[in-house]
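Have a look at the structure below before the remarks.
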Amino acid sequence: MTTQKMSLNVNGQAHQIEADPDMPLLYALRNDLGLNNPHFGCGLAQCGACTVHLDGQPIRSCITPVSAVGGGKVVTLAGLGTPEHPHPLQTAYVEEEVPQCGYCINGWLMTAAAFLRDNKKPTEAQIKEALSGLKCRCGTHMSILRAVKRAAIMMG
Amino acid sequence: MTKHDNPRAFSRRSILKTGGALVVSIGMPIGLDTALAIGEARAQGARPPLTPDQLSSYIAVNADGTVAAYFGKMDMGQGLFVAIGQIVAEELDVPFGRVKVIMGDTATSVNQGGASGSTGIQLGGKQMRVAAAEARRVLVEMAAEKLGVPADQLTVVDGVVQAKDDQAKQASYAELIGGRYFNVQLDWNKQVGNLLYAPGKAQPKPASEHKIVGQPIKREDIAPKVFCQEDFCTDVKVPGMVHARVIRPPVAGATPARIDEGSIKDIPGGRVVHDKGFLAVVADTEWGAIQAMQQLKVDWSDTTPPFPDQAALFDHIRRAPVRHAETEGKETGNVAEAFRTAARVIEAEYEWPFQSHACMGPACAVVEIKDGQATCWSGSQKPHFVRDGTARTLDMPMEKVRAIWKVGPGSYGRNDADDCAADAAVIAQAIGKPVRLQYMREQGTGWDPKGPASIHRARAAIDASGKVVAYEFTSKGFSRIDVQTNGGMPTDTLAGQLLGVPLVVNDGFGVPAESYAFDNKKLSWETIAPLLDRGSPLRSAHLRDPVGPQVHFASESFMDEVAAALNVDPVEFRLRHVKAPRDIAAIKAVAEKAGWVSRPSPRRDQTGNTVSGRGIAYSQRNGTIVAIVAEVDVDRSTGKIFARRFTVAHDCGQMINPDGLTKTIEGNIVQGVSRTLWEEVKFDPKNVTSVDWLTYPILDITETPEVIDVVLINHPELPPSGAGEPSIRPVAAAIANAIFDATGVRIRRVPFSPDRVKAALS
Ligand code: FES
Ligand code: FES
């Protein structure tokens, strides 16, 4: 296993890490940078628990080699908003009390954030299509849809 | 009666004296972060022992008047801690916001059973209610002493005890005891776990006086999650910690025969932990551990594949010798005789496959063993049993082990969390360093304990006039406690089994919970031996509403079959035969809300590719009653089912928080639809082959019901019963009955996957 020095731009901050270039970004974020938000759900790009934005697009950090990130800008859920300046989806998630265990929320929030940014006033069918494939084992789907619709209205 | 029964002993003076009745001075706040400090305080004798017979084990008043409620059950994300806070605030007469519920740490709460059987409120809340009532009683007695006013002349408003006729005479809880512990003994029934009950002398309030209980108070645990301010068990880090992965055999039951440790020597910190069937690797980094797991060269013992062909599973169950049989409740009448003389017999058999917890993330645990003390952080819903299991696995005294719960990636029963904690303990002890172990996805789905597969036979005897005179229902399947509901004993964990701990045989299943009255009736079950008795990826255990979905899929489908055979409307049929008044009320409520129009099933008026139908099912569960109407669309050409709309009537006695209750019901319905339409553990003779979300699909958001309409039936005069599981119970039958209504075709095998439905329709 050979390691290499790399720099990462995460939530607006530059970081240096030394790691195997083939290591998925997820482990760099969680272990090298100590960010607790993206989760390991499957490591297979099947669930979304590890979702972050790379240059504004949702990606599955569990299958993205850290070396492929290059100078791209990574934003995690923590970078989406803060209690003082929440993203409308975070506000809506709190209002609708969406999560049960909450392990799935990175996938839904980060995917929906990019979708709502690019699609104003989406229909329910469009929202479902955009979120298709994400997993929530607790079955909070009804609340998720209410929250995304609420956020869509807030984002007008 | 409490054993301590002299309130005079609680004089102000005695409190101030060390060694008196109410000595303790630990600062505030008493939060999880200060739990260690509490442990120290206990060691100094400042806190009464953390035993079930001490009031201080449940309730403490902090110096600022806030209240700590130490809860020995668990909130798995259904808002239970809000409900417990409401119950405690209600009994203590303090504002809800002043109560902090603290749970999941063996250093701060006693074993009330963890999350178990939807008893968080029913049993856990019951204990917290009597403890809080007793705390209020003691505080009023203390105030009586201090103010010189008889206790019956005092009242409590927002945590301030005051004279009814002179509000100037008052003393706050904070003044009376803030920052010190109660030293009051309760009348403990000597049980731990779910059955623990330790009342004091106080009577809880009557429901008519409730102001906080029954309110839709919101959860406070959402914001920390969406703003990433809360750690999950996967985020726990301990200084000096290394990472581990376990390695499971390619053929279930095989053990490592030869291990080439050199094959991972390029990995920093790479080490092998091997003993009998137990095999794990550690490395300095998580990525290193994953690579070590993939790289390690292992030759496995030559083991005969232990499983039948998947296609032969239900034949295996039919033919397997019965290991244990039980008739639950008493047989009514003479069933055999009634069938002998029946004019007509209706019979059917139903099948339910193995299902996986398939939690959102595979289990994770961190174990540190230091200075003769072990600490385990885990997502297990039963941390007190994790402590017991860790102590037994490590051969350490119970009091030297502490288990701390941190939110895990979902929990719906006896999932992989307890196995992971035991594995991590074994590894930590072997290498002498703190260890973080997370399973891989294929282990989370492939190797968690499974919900048991089963078959169910039902028959009804009809007399010449068309009356149902006898009903018989039997389930036969794998035990729901092949491994027990917690990892408290090494025989029930994979680590224990792989290390050769002697096995214990546990038989358990269940019968339909309903109130159908027929002159002759018998409900029974039979269990069979597991397919592989040790270290099996198909070992069976509790999965949300253990065997409830299985049993009631069959029993409530069958009631529908009988109604159809007799050409009676399915709601009408149930109302004729169901006897318990609350059951009848729930069935009527759901039918009314769903706009049910009386007619027999199936509909016969539909042509075209997509046809629709409606179905009803109902069941009880430990005092809770649920009736569901499902409305589905069936695509006849693809076999795809869309479970479009659900109406749910839910009666769990006294309702504590309608908001949390509604969400809990929604989650049950969605998970129930998923298990009904999609979920089946696949396996081949060698091993389980459902190892990810492609091979173990669950419901997608595009298939989520459009509407889940909930009717909450409140009975403030009754004790609260559970809600965490009851509403998943009748989901499968309601869908099956709706499919029959739409198509005239009866699906008797779960899941109703497109292939199976299409085949049944053609
Ligand atoms: S963990 Fe990345 S998609 Fe599942
Ligand atoms: S809230 Fe638990 S997986 Fe979505």
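First the proteins, then the strands, lettered A, B, ... as listed; each starts at 1. Small disclaimer: the values here were computed from a predicted structure and weren't measured.
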When only heavy atoms count and the cut-off is under 4.5 Å, which of residues 62-74 of chain A reach chain B? none

Does anything in residues 136-143 of chain A get under 4.5 Å of chain B by heavy atoms, and if so which residues? A/C136, A/R137, A/C138, A/G139, A/H141, A/M142, A/S143

Answer with side chain, backbone, both or neither: which region of [X] has an atom nearer than 4.5 Å to a non-hydrogen atom of chain A?
| X | result |
| --- | --- |
| B/Q443 | neither |
| B/D659 | side chain |
| B/S674 | side chain |
| B/K225 | both |
| B/V707 | backbone |
| B/L699 | backbone |
| B/I708 | both |

Distance from [X] atom [atom1] to [Y] atom [atom2], nearest 0.5 Å?
| X | Y | atom1 | atom2 | answer |
| --- | --- | --- | --- | --- |
| A/L35 | B/C228 | CG | SG | 8.5 Å |
| A/I127 | B/T702 | CD1 | OG1 | 13.5 Å |
| A/Y103 | B/C233 | OH | SG | 7.5 Å |
| B/K663 | A/R146 | NZ | CZ | 5.5 Å |
| B/F227 | A/E84 | CZ | CD | 8.5 Å |
| B/Q291 | A/D20 | CD | CG | 5.0 Å |

With respect to chain B, which residue among [options] yields the maximal number of heavy-atom pairs within a distance under 4.5 Å?
| options | value |
| --- | --- |
| A/A19, A/P24, A/A125 | A/P24 |
| A/G102, A/P83, A/G81, A/G133 | A/P83 |
| A/T91, A/L109, A/L145 | A/L145 |

For A/K121, I'd like to know if atom NZ has over 12 heavy atoms of other residues, nucleotides or ligands within 6.0 Å. no

Do other residues, nucleotides or ligands put more than 12 heavy atoms under 6.0 Å from B/E220 CD? no

Chain B contact via [X] - which portion, at a heavy-atom distance below 4.5 Å:
| X | value |
| --- | --- |
| A/L131 | both |
| A/I144 | side chain |
| A/E129 | both |
| A/Y27 | side chain |
| A/E96 | backbone |

Taking distance alone, no hydrogens or angles, what donor-acceptor pairs closer than 3.5 Å link side-chain atoms of residues 36-52 of chain A to residues at least two apart or in another chain?
unit_1, atom_1, unit_2, atom_2, d
A/N36, ND2, B/E230, O, 3.2
A/N36, ND2, B/D231, OD1, 2.8
A/N37, OD1, A/T76, OG1, 2.7
A/N37, OD1, A/L77, N, 3.3
A/N37, OD1, A/A78, N, 2.8
A/H39, NE2, A/N37, O, 3.4
A/Q46, OE1, B/W693, N, 2.8
A/Q46, NE2, B/D692, OD2, 3.3
A/T51, OG1, A/G48, O, 2.5

Nearest heavy atoms of [X] and [Y], plus distance in Å:
| X | Y | result |
| --- | --- | --- |
| B/D700 | A/L134 | OD1-O, 4.2 Å |
| B/R219 | A/E97 | N-OE2, 2.6 Å |
| A/C101 | B/P409 | SG-C, 3.9 Å |

Quick one: do A/M23 and B/T285 satisfy side-chain contact (heavy atoms from CB on, under 4.5 Å)? Show the steps, please. CA-CA 11 Å; A/M23 178 177 81; B/T285 66; over 6 Å; no

What option among B/D266, B/I669, B/T445, B/V407 has the most heavy-atom pairs under 4.5 Å with chain A? B/D266

Looking at chain A, which one of B/V670, B/V226, B/I701, B/I222 has the largest number of heavy-atom pairs inside 4.5 Å, strictly under? B/I701

Residue list, side chain to side chain contact (heavy atoms under 4.5 Å, CB included) with A/S7, at least two apart or on another chain: A/Q16

Give a yes or no answer on whether the side chain of B/K218 reaches the backbone of A/E95 with a donor-acceptor pair at less than 3.5 Å. yes

